[in-house]
Amino acid sequence: MPLLGDNKHMSIEVRIPTILRPYTKDAKVVAAQGGDLAGVIADLDQNYPGLGERLLDNGALRKFINVYINDEDVRFIGGLTAPVKAGDSVTILPAVAGGQ
Amino acid sequence: MARYDSLISSVGHTPLVGLPHLSPSKSVRLWAKLEDRNPTGSIKDRAAIAMIDQAERDGLLTPGATILEPTSGNTGISLAMVAKIRGYKLICVMPENTSIERRQILEMWGAEIIFSQAAGGSNEAVRVAKELATKNPEWVFLYQYGNPANSFAHYSTTGPEIFADLPTITHFVAGLGTTGTLMGTGKYLRDKNPDVKIIAAEPRYGELVYGLRNIDEGFVPELYDESILSRRFSVGAEDSVRRVRDLLDKEGIFAGISTGAILHASLALAEEAVKAGEPADIAFIVCDGGWKYLSTGVYGATNNPDVAQATQDLDTQLWA
């Protein structure tokens, strides 16, 4: 839970897919800050240079990148403006064919 | 009317059953559409029969023809049954990390299986199948991920069946794979009542399945139209296993693992409706029965009572 409203200095857990781990020195989960998804990505890019460019293209999420905040696809809850708060879990996954 | 000219014509008309024990209240109710009651035991019979019928009408499928399809199991099994009866040969490209039962059932109906490597999951199966289709232009590539007959099967059957049985429906929840079920059923329900929420539950597999060589190898099915969906949830193996057991223990429904993911999302929506003090009729899809997944041990009775262990065992598997 957020404490004393000081959300921006508290951390958000971000799960990194295998294919992007070269940017995070192989870390599977990293901490980030930000009030919305755009902020989280900007923070990630600052700590792990180049990662932002793999997620965004012309200021929008790349077609083959899916991002979930607490298991919900961000494209349906505001995209890059989707709010994120301390304690939230952000999962990044490449879009792959589902089983059928 | 429960009499049909043949097994194939008995597809669909599946029961929609209430879940009195898992529904949170009298005004927030869950309803399960039992698609395991189809001829080969999964919702994929609807799409498979529709795609074959359409290819026959288009003159693409002629006697003795060979059908090619990438599949993790259910669509292949449906196609194999129809192909056997109608005299077509079927070649399935299937990831090697799928349950043994799926392979056994495909072989039982005479399908040939080409295994694609585990890393990359269905993504890799689609890639290999597309390559084979290019090299063998005489084969009929039905391609469920981009074949409009797939989603139309749900627009013309699944959607109307659900709306007739549950005109008060507020939410429709289904799995997201080819996206055919959600696109077709979702569009029909929206046409009937624009307020119905269409929700996708997408299985989140272990890391191996997302093992692409680079992001540009990612894949979004050609059938997918984001505007049909209201929300989309990613559900991991642990929640899926827990829910598939709940469905068995509390309602007596023996379903496949992906249905656990769908139930998990449905229960989250039900909880939201309760909190908001709003009535809800939430219909969700039971994609198939649990028979094909018994060997995975997720049902727990004897060989794998611990959810964490059962989840770990699924980590490298394409479980939906």
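Every chain is numbered from 1 and lettered A, B, ... according to where its sequence line falls, protein lines coming before strand lines. Only heavy atoms go into these numbers, but all of them, side chains included; no hydrogens, no water, no symmetry mates.
Two residues are said to be in side-chain contact when any heavy atoms from C-beta on lie closer than 4.5 Å; B:Glu202 and A:Asn66 meet this criterion. Residues A:Phe76 and B:Glu226 have side chains in contact (heavy-atom distance under 4.5 Å, counting atoms from C-beta outward). Proximity of A:Ile19 to B:Ile215: side-chain heavy atoms (C-beta onward) are separated by under 4.5 Å at one or more points. The side-chain heavy atoms of A:Tyr68 and B:Arg232, taken from C-beta on, include a pair separated by under 4.5 Å. Within the 4.5 Å cutoff, the side chain of B:Tyr210 has no heavy atoms near those of the A:Pro17 side chain.
Heavy-atom minimum distance, A:Ala97 versus B:Ser122: O-CB, 3.5 Å. Considering every non-hydrogen atom in both B:Leu212 and A:Ala95, the closest pair reads CD1-O, 4.5 Å.
The backbone N or O of A:Val96 sits nowhere less than 3.5 Å from a side-chain atom of B:Asn123 that would complete a donor-acceptor pair. For B:Tyr145 (side chain) and A:Gly98 (main-chain N/O), a donor-acceptor pair under 3.5 Å exists by modelled atom type.
For the set B:Asn74, B:Val126, B:Val220, the count of heavy-atom pairs under 4.5 angstrom toward chain A peaks at B:Val220. Ranked by heavy-atom pairs shorter than 4.5 Å toward chain A, the options B:Thr179, B:Asn214, B:Leu176 are led by B:Asn214. For the set B:Asp239, B:Thr178, B:Leu318, the count of heavy-atom pairs under 4.5 angstrom toward chain A peaks at B:Thr178.
To the nearest 0.5 angstrom, A:Asp73 atom CG is 9.0 Å from B:Ser234 atom OG.
Ion pairing of B:Glu207 with A:Arg21 is present here, as a side-chain N (NZ or NE/NH1/NH2) and a carboxylate O approach within less than 4.0 Å. With respect to B:Arg231 and A:Glu72, a salt bridge is recorded, a charged nitrogen being found less than 4.0 Å from a carboxylate O.
Proximity to chain A (any heavy atom under 4.5 Å) is shown, for B:Leu229, by both the backbone and the side chain. For chain B, no part of A:Ile77 is nearby; none of its heavy atoms comes within less than 4.5 Å. Contacts of B:Ser230 with chain A are made by backbone atoms alone, with heavy-atom separations under 4.5 Å and no side-chain atom involved.
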N/O donor-acceptor pairs under 3.5 Å from side chains in residues 48-56 of chain A, not counting sequence neighbours:
from: A:Glu53; atom 1: OE2; to: A:Arg62; atom 2: NH2; distance (Å): 3.2
from: A:Arg54; atom 1: NH1; to: A:Tyr23; atom 2: OH; distance (Å): 3.3

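Taking a 6.0 Å sphere around CZ of B:Arg204, one finds it holds more than 12 heavy atoms contributed by other residues, nucleotides or ligands.
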